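Below is one structure, written out as C-alpha cells, with a few remarks after it.
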2 protein chains.
Amino acid sequence: MSTLPEKTIERLSMYRRVLQTYQDNQSEFIYSHELASLLHLTPVQVRRDIMLIGYSGTQRKGYSVKELINKIGDILDGNERINAVIIGMGHLGKAITNYFNTKRSKIDIVAAFENDSTKVDRIISGIKSYHTDSLEMILEESNVTIAILSLSPREAQDVTDRLVFAGIKGILNFTSVPLTVPEDVSLENYDMVTSMEKLAYFVKEKIRDENSL
Amino acid sequence: MSTLPEKTIERLSMYRRVLQTYQDNQSEFIYSHELASLLHLTPVQVRRDIMLIGYSGTQRKGYSVKELINKIGDILDGNERINAVIIGMGHLGKAITNYFNTKRSKIDIVAAFENDSTKVDRIISGIKSYHTDSLEMILEESNVTIAILSLSPREAQDVTDRLVFAGIKGILNFTSVPLTVPEDVSLENYDMVTSMEKLAYFVKEKIRDENSL
DNA sequence: TAAACAATGTTATTATTTTAACAATTATAC
DNA sequence: GTATAATTGTTAAAATAATAACATTGTTTA
C-alpha cells in the first residue's frame, strides 16, 4: 500500500481512539454513520478512509470494531514499538509524559532530558531524567527514533541539530520556534499560539457574520 | 474582505511571530524569500498570503516589517482585546498560561478554573483561579469569548455544555475527547496523541522508503 | 538615460482533500 | 421467496490549497 493521505492518518488515529472506548462498553459492530457521528465527520469520509486502508466491513452490519482497530494498528504502529525521548521537563514536558504514559500506545517515552540540575538523575512522571549533556550518550545505547521538544525556544535549534546528528528520524516540536531539519527527518509542529490566534480570528468572523445578517 | 483561507490564517500568525523577532534586531524591510526561508515556506506562498490580506510591498525593496506586522494585527486581532478563560490547571494548564502570559498578544487569559480545592482562590501562573462551580458566575460578569480546555477527559463535555450555555463563542480543546458544540461556536482541537501517531507513521514510511531504494 | 536585473502581484495550473452520487450487496419484513 | 430498506465500496465532481508562470515595476548600473 502506498503512503496514505496525511488527513487520513490523522483521522485513523482518532478512529482508533473512539473505537477503543466503543469496544469497551458496546457492540461488536459499528456503522460508518455511527463512527462518523462520534467524531463529527461525515459517513462518506469514514468509509473512504477505511477503503483506503484496505479494510472491508459487511454491508448491512457495518465494520467489526475489533478487526478495524487491529487494521488501524497495522497501519499506524507497524510491527515493532517506537521509542521516543522528551527534552524539557517543565510543566509542558510533564503534561506530555503523563498523557502518554496513561494511554495504551506503541510509542514509549524512554528518557527525559533537562538542564535544571534539580531535575536530573531522577524519575519524573515515571520517566528517567538525564542531563541534556548526556543526550548523545543515551541515544547511542538505545534505539530511539522520535524526539519531543518541550524546552525553551532559545535552545530549540541547538538541541535539534544534536538530535539529528545522533540519528533521530522524527521531531515533535512544541516550541514556537520554526526548526530547520534535513529532508530525511520528519517534523511535526504543534503550535499553541497559532491555534489560539486562528480560533480568535474565526470567532471574530462568526460574530461579524451574525451581526451583518 | 471576505473570510481568508484557514491555512493563510495559520501562516499569518507565524509570519507575525518571526517578523517581531526580525524587527527587534534587523532591517526595516524584508523580502518574501527571506520571510519564506525563516519559516521554510516558498516565497510565492508568502507573497500570495500577503496579497490576500491586501497589503503591498515595494518592488525591489520588499515589505515594510512594521507595516506588515500592523496589517497582520488588523486581521488577526481586530480592534479590541479578547478575553479567555482556562479550565484545568494541571501541568498542561500551567504550561499554556505561562506560554501566553509571556507573549505579546491581544488575547488575555483572565481567569482559571479548577476542581481541586488546593488550587482554588489562589493566583496560579499569574492568573486568578476559581472553583469550576463558579464558572457561570464569573463568566456573567466578564466579557469572555474563548475558553481553553485542559481538564480531564471525563469532565470535558459537561464543562463544554456549561461554557456554551454561558455564551462562550470559541473553544480550544486540549483534551483527546471529541466535543459536541452548536454550529455558532468555533472549535479548535489540539490533539497530542494524533500528532504523535502521525509523526510515527511518517517516520516509519520514510525509513521504509529509504530501505526500498 | 536606457538596459539589465530582481523583486512584487496576480492569474493559471496542478495537487490534495472533501463531498456527492450511485451501484452492489445483504439483512429484514411480508 | 421476493420486495424493500439500509448499508457498504467506489468512482466522479467540487472545493480548497499549493505551486508555477509570468507580466509589471522599481532599482541599479553602465
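Both backbone and side-chain heavy atoms feed into the values below; hydrogens, waters and symmetry mates do not. Chain naming here is simple, since letters A, B, ... match the order of the sequence lines and numbering starts at 1 in each. All values derive from a computational prediction rather than experimental measurement.
Spacing between atom NE2 of A:His40 and atom C1' of C:dT18 amounts to 18 Å, rounded to whole angstrom units. Distance A:Leu52 CG to C:dT16 P: 14 Å, rounded to the nearest Å. A straight line from CE of B:Met51 to C1' of D:dT19 spans 14 Å, rounded to a whole angstrom. Note: CG (A:Leu68) to P (D:dG9) measures 10 Å, nearest angstrom. With rounding to whole Å, B:Lys61 atom NZ is found 9 Å from D:dT28 atom P. Rounded to whole Å, atom C1' of C:dT10 lies 18 Å from atom OH of B:Tyr55. D:dG9 atom P lies 14 Å from atom NE2 of A:His33, rounded to whole Å. Note: NZ (B:Lys7) to P (D:dT16) measures 13 Å, nearest angstrom.
Taking side-chain N and O atoms only, A:Tyr63 has a distance below 4.0 Å to OP1 or OP2 of D:dG9. Considering only side-chain N and O atoms, A:Thr58 lies nowhere under 4.0 angstrom from the phosphate OP1 or OP2 of C:dT26.
Nucleic acid contact class of A:Thr8 (heavy atoms, under 4.0 Å, all strands): none. Contacts of A:Ser56 with the nucleic acid, taken as non-hydrogen atoms under 4.0 Å apart, involve only primed sugar atoms and P, OP1 or OP2.
DNA chain C is contacted by both A:Glu6 and B:Pro43; B:Pro43 maps to the nucleotide lying nearer its 5′ end (nearest heavy atom per residue).
One donor-acceptor pair, N or O on each side, does fall under 3.5 Å between the base of D:dA5 and the side chain of A:Arg60. Within 3.5 Å, no donor on the side chain of A:Arg47 pairs with an acceptor on the base of D:dT7, nor the reverse. Taking 3.5 Å as the limit, the base of C:dA24 and the side chain of A:Gln59 contain a donor-acceptor pair of atoms between them.
In summary, the side chains of B:Gln157 and B:Asp161 do present a donor paired with an acceptor at a separation below 3.5 Å, with no hydrogens or angles considered. Side chains of B:Glu197 and B:Thr194: a donor-acceptor N/O pair is absent below 3.5 angstrom, by distance only. For the residue pair B:Asn83/B:Asn143, the side-chain donor-acceptor check at 3.5 Å is not satisfied.
Between B:Lys169 and B:Asp184 there is a salt bridge, with a side-chain nitrogen of the basic residue lying less than 4.0 Å from a carboxylate oxygen of the acidic one.
Checking C:dT18, C:dA21, C:dT10 against every side-chain atom of B:Arg48, the shortest atom distance belongs to C:dT10. In the set C:dT10, D:dT8, C:dA7, C:dT10 carries the atom at the smallest distance from any side-chain atom of B:Val44.
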Pair B:Glu6-A:Lys198, salt bridge (Lys or Arg N to Asp or Glu O under 4.0 Å): steps then yes or no: CA-CA 8 Å; B:Glu6 189 168 333; A:Lys198 183 173 148 193; 2.8 Å; yes

